Structure formats: structure tokens, C-alpha cells
Chemist: 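Questions regarding the structure given below will be posed in turn.
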Protein chains: 2
Amino acid sequence: MTIDQKVIEQRIEHFKQVCLNARVKLTRQRLDIFREVARSGDHPDAETVWKSVRKQAPNLSLDTVYRTLWLLNDLGLIKTLGSHHERTRFDANLSRHHHFICTSCGLTKDFYSETFNNLPVPDDLSSVGAVETLQVEAHGICSKCSALNRQHKQKPSVKEDYHE
Amino acid sequence: MTIDQKVIEQRIEHFKQVCLNARVKLTRQRLDIFREVARSGDHPDAETVWKSVRKQAPNLSLDTVYRTLWLLNDLGLIKTLGSHHERTRFDANLSRHHHFICTSCGLTKDFYSETFNNLPVPDDLSSVGAVETLQVEAHGICSKCSALNRQHKQKPSVKEDYHE
DNA sequence: GTTTATGCAAAACCTTTGCATTTTG
DNA sequence: CAAAATGCAAAGGTTTTGCATAAAC
């Protein structure tokens, strides 16, 4: 999935501005790496970014990718996601959004919902901490995986339903 | 945080039943490891489980803990959580629940909400996949961290607010 | 008694770090 | 030109694996 060209350009402008403000040097590598995350809609991990950028800049090193991604994260230009058992992945979408997560393949897709943006914060959370934002995770099986499952005539998994 | 004794016993009974059904051998180590996750309310990682159980069973090895936790996960007896930059953590709470996550220290606390249990699934997700469950993540600063911040008179972080 | 799980040690994996060299502002 | 970033190689921390021994059914 690819992001609209206009949005990419906006993101890159913003990136340059933030670097300037923060007195962070604008190197070729940083621009390449940020552009790659900004234009990819599917939350790539460090190695994926590295492989993509290396097509144009073959001597980019993987550790620079890591260093840069964490720098961008510290600057608030990208966010991290991805759970256990998979590598850390990065997202340049700073708009308020929610995630669909495929429990089979791990696909994580952004989606937007005004309803979910305006959920009430439960009262009893105030003792736990101060909630800043609520994000909804929709867990399920993505279209691709359910197509595959149908082909292979897989039996549904046999987890018991149990609740305390 | 510790779980109520009755709930722990229910969880252990269920665990034994599932092992029997799945023809998975019920070993001392597996029981110890499951009990530890079942009675801990704070989603321990593998090493934490290992250290706790080793107090009673000193020659338990860490790799058995890993193997067992993933087995329990495959059997649907526990779930994984935890994000990038921290170890995988495990949760024996199979009831429908949501998470408060502290953006400062990573504390993850279960909470319950009937409202959140009954959120409508957005229509436009149907093209992405079949949603099975919606879970809300409340991100914020936990009470402990905000107390610490006040003590240290920390300046608030200076991320710009930017939206596409 | 057969099958399966454990413990040990070693490997694999992803990510980070130290340092000399190069590049940026 | 001073300060900071890169690439290289080596180390770090967590998790996994192969194999002989031990335990469960």
C-alpha cells in the first residue's frame, strides 16, 4: 500500500522543518529513510526500510537505519508499533487513527472513525492514571488470510471458549 | 497485583482440562509456570516468571519457561502482550478486557467496560477483514509516573502538534 | 515401555555501541 | 572549522534449538 503523493510531500516538508528546529542535521540518509517510511502504508520494520533504500543508496548501513528511526521517533516524526515475536515497525501516520490487526498474519492496517475518536474515558481509570488518548484495536482475520484458509479447507482452530 | 484465590483455582482447573484434552503431559514445571502467570496480575515476562518459580523449584531452566509459555499460548490458555523495546509478556486473563498503557513506564493494566465491549464495528472495515473483537487501548501517564514527574519538576515534552 | 518434556549448552536473532572517517551547517 | 553523523565490526540482550537424560502416561 502506498500513500498519496501530496501527503508524502507534506510529511517530508514537516520533517525538514522539525530537523531545522531541533538543530538535527539533514543528511541524505535521514531523508531517504524518512521518505521510505512516509510513503509506505504498511508499517515497515528497520530491515525492510534498509532493503528498500539500499536500491538507490547501496552503502547505507543497517545500524544507521536503526539510529535514524529512533531519532525520528524521538522527534515525534514517526511512531512505533508491532507486538511480541515480530520486529519493531514504524509508522509516519501522525493523524488520529485506529488499527485493524490480523491475528493470522499480523497485517496492521490504519483506519479512521469519528465514533472511536470520541469515546468517553471510563471514570474508574482516573485512579490508574491520566488518559491522554484512546485507540481501538480491531482484531480479526484479514481478507487475504480468510481466502487462503478457504482454499486449504483448514479446520477452524479448536480453542475452547472459556470465561471466568 | 495479585489475583483472587478462587479465580486462580478456576484457571488451574481449566488448564488441567485443556492439557488432558490436548494430550499434553501435565508436568510439575508446566503447572508451576502456569500458576505463576495465573496468579500474577501484572503480565510478567519469561524471565520474571522464571525467577519467581525458581524460588520453589531451583533447577527450572529458562528455556523450559519459554517453551512452556508458547505452548500455553498455542493452547489458548494465555495471551501475549507487550510492544517493541520490551520483552514479550504473558497474561492469563481470558475475560473480555481492555488495557491502560502508561506511555512513560510501560505499565499495562487490565480494565473492564461494558460500553467498550459493545462498540459497533465500522462498516468500512469489512473490505479489510472480518473483525472478531474490538479492544480499546487507553494511553496515558500512570499515577506513579505523574507523581515522579511532579517531584522532578520536569518540563513537559515539546512535541509539536501536527496533523495532515 | 513408549512417547514426550526437561536441562544444558550453544546458536540464532535482532538491535545497539565504540571508534575512526566523513559530512553537515 | 567545529560538531555531529556515518559505516564498519564487534558486542549485547533476548529467545530458540539440538541432543542426551529424565519423567509422564
Side-chain angles (χ1 to χ4, degrees), chain A residues 15-37 43-75 77-78 80-90 106, chain B residues 15-37 43-75 77-78 80-90 106:
Chain A
F15 156 74
K16 289 181 176 170
Q17 206 54 56
V18 170
C19 286
L20 210 65
N21 284 352
R23 257 155 284 262
V24 159
K25 288 181 180 170
L26 185 57
T27 63
R28 175 84 201 289
Q29 291 90 332
R30 285 175 178 169
L31 183 56
D32 287 349
I33 290 165
F34 179 77
R35 188 193 295 111
E36 182 55 32
V37 180
H43 316 115
D45 60 33
E47 195 178 340
T48 304
V49 172
W50 182 54
K51 284 183 177 159
S52 302
V53 177
R54 273 219 305 187
K55 288 173 192 160
Q56 337 261 6
N59 48 353
L60 175 69
S61 68
L62 179 56
D63 57 285
T64 296
V65 176
Y66 276 106
R67 272 189 282 232
T68 302
L69 289 171
W70 289 116
L71 172 73
L72 295 172
N73 180 64
D74 291 346
L75 291 171
L77 287 163
I78 60 176
T80 60
L81 51 84
S83 50
H84 69 85
H85 239 213
E86 63 171 18
R87 305 169 188 174
T88 303
R89 305 192 307 177
F90 299 86
Chain B
F15 156 73
K16 289 181 177 173
Q17 206 56 55
V18 170
C19 286
L20 209 67
N21 284 351
R23 257 156 284 262
V24 160
K25 288 181 181 172
L26 184 57
T27 64
R28 173 86 200 288
Q29 291 90 331
R30 284 175 179 169
L31 184 55
D32 287 349
I33 290 165
F34 179 77
R35 188 191 295 111
E36 183 54 32
V37 181
H43 316 115
D45 60 32
E47 197 179 338
T48 304
V49 171
W50 182 53
K51 285 182 178 160
S52 303
V53 177
R54 273 220 305 187
K55 288 173 193 162
Q56 337 261 6
N59 49 352
L60 175 70
S61 68
L62 180 56
D63 56 282
T64 297
V65 176
Y66 275 108
R67 272 189 282 230
T68 302
L69 289 171
W70 289 115
L71 173 72
L72 296 172
N73 181 64
D74 290 347
L75 291 170
L77 287 163
I78 61 177
T80 60
L81 49 85
S83 50
H84 69 87
H85 242 215
E86 64 170 17
R87 306 171 186 171
T88 303
R89 305 192 306 177
F90 299 86

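Model, not experiment: these values are computed from the prediction.
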Chemist: How far apart are the closest heavy atoms of A:D32 and A:A57, and which atoms are they?
Modeler: OD2-CB, 4.1 Å

Chemist: How long is the line joining CG of A:N73 and P of C:dT16, in whole Å?
Modeler: 11 Å

Chemist: Could you give the CG-to-P distance, from B:D32 to C:dA5, as a whole number of Å?
Modeler: 16 Å

Chemist: Mind checking whether B:L31 and B:F15 have side chains closer than 4.5 Å, heavy atoms only?
Modeler: yes

Chemist: Could you tell me whether a side-chain N or O of A:T48 sits under 3.5 Å from a main-chain N or O of A:P44, the two making a donor and an acceptor?
Modeler: no

Chemist: I want to check something: taking the side chain as every heavy atom from C-beta on, are A:F34 and A:I78 in contact at a cut-off of under 4.5 Å?
Modeler: yes

Chemist: A:L31 has an atom CG; how far is it from atom C1' of D:dT6, in whole Å?
Modeler: 16 Å

Chemist: With distance as the sole test, does B:W50 use its side chain to make a donor-acceptor pair with the main-chain N or O of B:L60 at under 3.5 Å?
Modeler: yes

Chemist: Taking salt bridge (charged side-chain N to carboxylate O under 4.0 Å, His left out) as the criterion, tell me which of A:R54, A:R89, A:R87 meets it with A:E47.
Modeler: A:R87

Chemist: Testing B:V24, B:T64, B:L69, B:L72 one by one against B:R30 for a side-chain contact (heavy atoms from CB on, under 4.5 Å), which residue passes?
Modeler: B:V24

Chemist: Can you check whether B:S61 has a side-chain N or O nearer than 4.0 Å to OP1 or OP2 of C:dG7?
Modeler: yes

Chemist: How close or far is atom P of C:dA5 from atom CG of B:L60, stated in whole angstroms?
Modeler: 15 Å

Chemist: Could you work out how much the helix from C:dG1-D:dC25 to C:dG25-D:dC1 bends, comparing the axis of its first five pairs with that of its last five, to 10°?
Modeler: 50°

Chemist: In this structure, how many angstroms lie between the P atom of D:dA5 and the CG atom of A:L75, rounded?
Modeler: 10 Å

Chemist: I'd like to compare against my own output: the B/S/- annotation of nucleotides 12-25 of chain D with a strict under-4.0 Å heavy-atom distance to protein.
Modeler: --SSBBB-----BS

Chemist: From CZ of A:R23 over to P of D:dA4, roughly how many Å is that when rounded to an integer?
Modeler: 11 Å

Chemist: Can you check whether A:I33 reaches A:Y66 side chain to side chain, under 4.5 Å on heavy atoms?
Modeler: no

